[in-house]
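Note sheet for the following structure.
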Amino acid sequence: MALSLSVPVSTRSLPKEIETNLKKARIWVESLPLTKTIESANSMIYMLESINRSKLAAEERIELVDIYRPVITVLLDELEAIFAYSALPLPQKQLNAFELSHRLLTECGYAYKMLVLEKTGKMIMFNAKKNLPLPIYRTLFYFRELMLQCYKTYHPVPPGVWQETHALYHYAEEQGFVGEGDAEAKATILDVYVDMLMLALADPYRLMYKEVDRVVEVLSQNRGFVDILSSAEGVNPQRLFVTALDGDQAPKVLIQGNQPPAGQVLRLIDPTRLVDRLSQKLKAAGNANSAKSRATHDLNDLIARLLRLWGDPPKRQFRRNPADSGVALCSGIKAISYFAELAATENPEADAEAIREGRTIPLLKIPQDPMSQMIGVEEWQVLNQSANGVRLHRESGGNVGVTVGEAVGVRFVGGRSWNVGVVRWLTLLEGNALEFGVELISPTAHSITIEPTMGNVSKPVPALLIAPLMGESAADTVLTTAEVFSDLREFEINDAGDLSHVRATTLIERTSRFDLFQFQAS
């Protein structure tokens with residue numbers, strides 16, 4: 001098969017300041033001030049863009065890139081520390097770091113793609129199995145890093161990335177060297193391709209703080225247990241996923257009634273051996289029961305969720321009903337506390353009096369005072385709603401930032417209280433519009449403060465007393481900032497001056513943003 005990959009046109013003369021002598025190029029790159037991440041990243045991008053668009057032999061270009069790669073790796077790590085897992089929309093500093101990282105990854109990918117195209121474009125190619133696996137592996141590696149960047153910021157994967165990923169794997173499959181790759185990294189073309197497939201099937205836009213990295217670790221520690229098949233004969237169709245090697249889509253669940261991906265060259269992904277291996281490890285750890293809980297979102301909990309996704313793709317629990325209305329939204333425990341207190345001061349009689357006087361009362365009450373706007377509250381569109389959640393949409397802009405695993409306050413049309421929810425998935429759409437799904441965990445919230453009574457001296461932190469949405473528990477439940485809960489830890493609760501002493505009993509859920517736990521009087 002002939003490969004078709006997007007690369008820049010190399011028609012320029014190489015700028016005089018670009019050093020092609022390998023020894024001098026190494027001196028230059030090692031002189032970059034790594035403590036000045038943005039400045040050094042811009043210098044590196046200028047260098048890569050210059051050599052990728054200049055008349056330069058592909059192998060000579062790669063020799064330079066290979067010298068730059070250690071420094072590029074450091075810069076990418078430093079940039080990621082700035083933007084990864086930030087609330088959306090990304091603030092300007094984080095957005096700048098994201099864009100620089102994106103350009104670095106793209107330019108590195110270009111350099112290796114140009115070498116692949118040069119070698120595969122020759123009429124007769126000698127030593128293909130020796131010369132092609134490494135540049136193909138490196139191209140796929142940078143594609144994978146680009147996907148990881150998107151998942152960590154809930155951005156969509158750029159158009160064309162999946163198409164070129166599939167095409168490179170398909171070519172390597174035809175040539176018989178998917179088992180070759182980077183000897184230094186101890187990884188193959190098949191390994192990095194499977195990483196991308198399984199990450200996409202891990203529902204990455206539902207993953208929380210650093211969970212994308214944990215999925216990568218799980219995959220890297222369990223290489224060789226995912227099979228890519230051309231036929232479903234003799235395997236369990238309930239555990240199969242499908243991908244099109246001539247399409248531009250991520251893999252899909254292979255279930256009856258599901259629309260197959262567009263394309264004619266289909267491959268089936270069978271993770272049965274991986275699922276069985278992870279299940280055995282989970283049982284061996286003796287944590288099978290706790291892994292079914294969302295209590296801590298630790299590694300065992302993550303593996304349990306991966307097992308459900310990869311081994312028994314979940315079915316929807318509640319039916320979604322289309323909606324065309326708005327809700328008021330705020331984000332974070334401090335914001336929910338503030339607006340819950342504000343709502344408690346509202347006078348229903350004042351609205352009734354206004355209606356009697358013929359004045360118009362807005363159905364959706366969104367505070368417009370300067371303090372409320374500074375804290376962050378705005379209207380979001382409801383796309384659909386179920387018994388325990390809503391799907392929300394907002395065009396670009398706004399003053400409320402959200403991320404997966406964050407607690408949010410939701411006030412419906414005509415409602416007087418603030419519902420409490422948790423962001424379960426999030427994605428950035430074209431034009432910087434946002435959509436996310438909220439699981440509602442309580443129909444109301446009461447603002448308090450909570451302070452540990454023993455241990456290191458600490459200040460009271462904002463918290464919310466909440467009522468369970470489905471009435472499954474009569475125990476008192478509190479939502480507070482992360483890392484507050486400790487088993488049997490004692491606290492003082494301040495409810496508008498009314499003090500009480502309690503003891504934490506059961507952790508219901510912990511994310512990077514909050515602790516949700518039950519307590520009883522001590």
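Reckoned from all heavy atoms, side chains included, excluding hydrogens, waters and symmetry mates.
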(Q) How long is the straight-line distance from CD of Q381 back to CD of E435, given to the nearest 0.5 Å? (A) 8.5 Å

Q. Are N96 and Q92 linked by a side-chain donor-acceptor pair shorter than 3.5 Å?
A. yes

Q | salt_bridge(R267, D227) N-O dist < 4.0 Å | A | no

Q: Inspect the contact between R103 and E49 and indicate whether a charged nitrogen and a carboxylate oxygen are less than 4.0 angstrom apart.
A: yes

Q) Does the ring-ring contact (aromatic ring centres under 6.0 Å, His included) test come out yes or no for W418 and F412, once each step is laid out? A) CA-CA 8 Å; W418 285 80; F412 291 94; 10.0 Å; no

Q: Determine, stepwise, if the pair F436 / W380 fulfils ring-ring contact (aromatic ring centres under 6.0 Å, His included).
A: CA-CA 10 Å; F436 70 91; W380 283 61; 4.9 Å; yes

(Q) Any salt bridge linking R305 with D203? Criterion: basic side-chain nitrogen under 4.0 Å from a carboxylate oxygen. (A) no

Q.
Is the shortest side-chain heavy-atom distance between C108 and L48 below 4.5 Å?
A. yes

Q | Polar side chain donor-acceptor pair, E164 to S6, under 3.5 angstrom | A | yes

(Q) Donor-acceptor check, side chain of D191 to backbone of A187, threshold 3.5 angstrom: yes or no? (A) no

Q: Test L76 against L105 for side chain to side chain contact (heavy atoms under 4.5 Å, CB included), laying out the working first.
A: CA-CA 8 Å; L76 288 171; L105 292 169; 3.7 Å; yes

Q. Which of parallel (below 30°), tilted (30 to 60°) and perpendicular (above 60°) describes Y112 and Y142?
A. parallel

Q.
Looking at V484, is its backbone amide N or carbonyl O close enough to the side chain of R489 to form a donor-acceptor pair, meaning the two atoms are under 3.5 Å apart?
A. yes

Q | Sidechain N-carboxylate O distance under 4.0 Å for E107, R53 | A | yes

Q | Minimum side-chain heavy-atom gap Y205-V404 below 4.5 Å | A | no

Q. Should F98 and H155 be marked as a ring-ring contact (aromatic ring centres under 6.0 Å, His included) after you check the CA-CA gap, both sets of side-chain angles, and the distance that decides it?
A. CA-CA 11 Å; F98 173 86; H155 282 63; 4.4 Å; yes

Q | Working for side chain to side chain contact (heavy atoms under 4.5 Å, CB included), residues N52 and R61 | A | CA-CA 8 Å; N52 283 340; R61 182 183 295 110; 3.1 Å; yes

Q: Please determine if D66 and R138 form a salt bridge, counting it only when a charged side-chain N lies under 4.0 Å from a carboxylate O.
A: yes

Q | Gap separating the OH atom of Y209 from the NZ atom of K152, nearest 0.5 angstrom | A | 10.5 Å

Q: Would you give the length of the straight line joining atom CG of L88 to atom OG of S396, rounded to the nearest 0.5 angstrom?
A: 12.5 Å

Q) If you measure from CG on L79 to CG on L104, what distance do you get to the nearest 0.5 Å? A) 6.5 Å

Q: Tell me, yes or no, whether the heavy-atom count around R26 atom CZ, taken from other residues, nucleotides or ligands under 6.0 Å, exceeds 12.
A: no

Q: Give me the ring orientation class for Y193 and Y169: parallel if the planes are under 30° apart, tilted from 30 to 60°, perpendicular past 60°.
A: parallel

(Q) Please check this pair: side chain of N399 against backbone of G376, looking for a donor-acceptor N/O pair closer than 3.5 Å. (A) no

Q) Short question: side chain of R394, backbone of V400 - any donor-acceptor pair under 3.5 Å? A) yes

Q | side chain to side chain contact (heavy atoms under 4.5 Å, CB included) assessment of T477 paired with F517 | A | CA-CA 6 Å; T477 305; F517 61 91; over 6 Å; no

Q. What's the spacing between E379 CD and L329 CG if we round to 0.5 Å?
A. 10.5 Å

(Q) I'd like to check the side-chain hydrogen bond (donor to acceptor under 3.5 Å, both in side chains) partners of E145; sequence neighbours left out, ordered by chain and number. (A) none

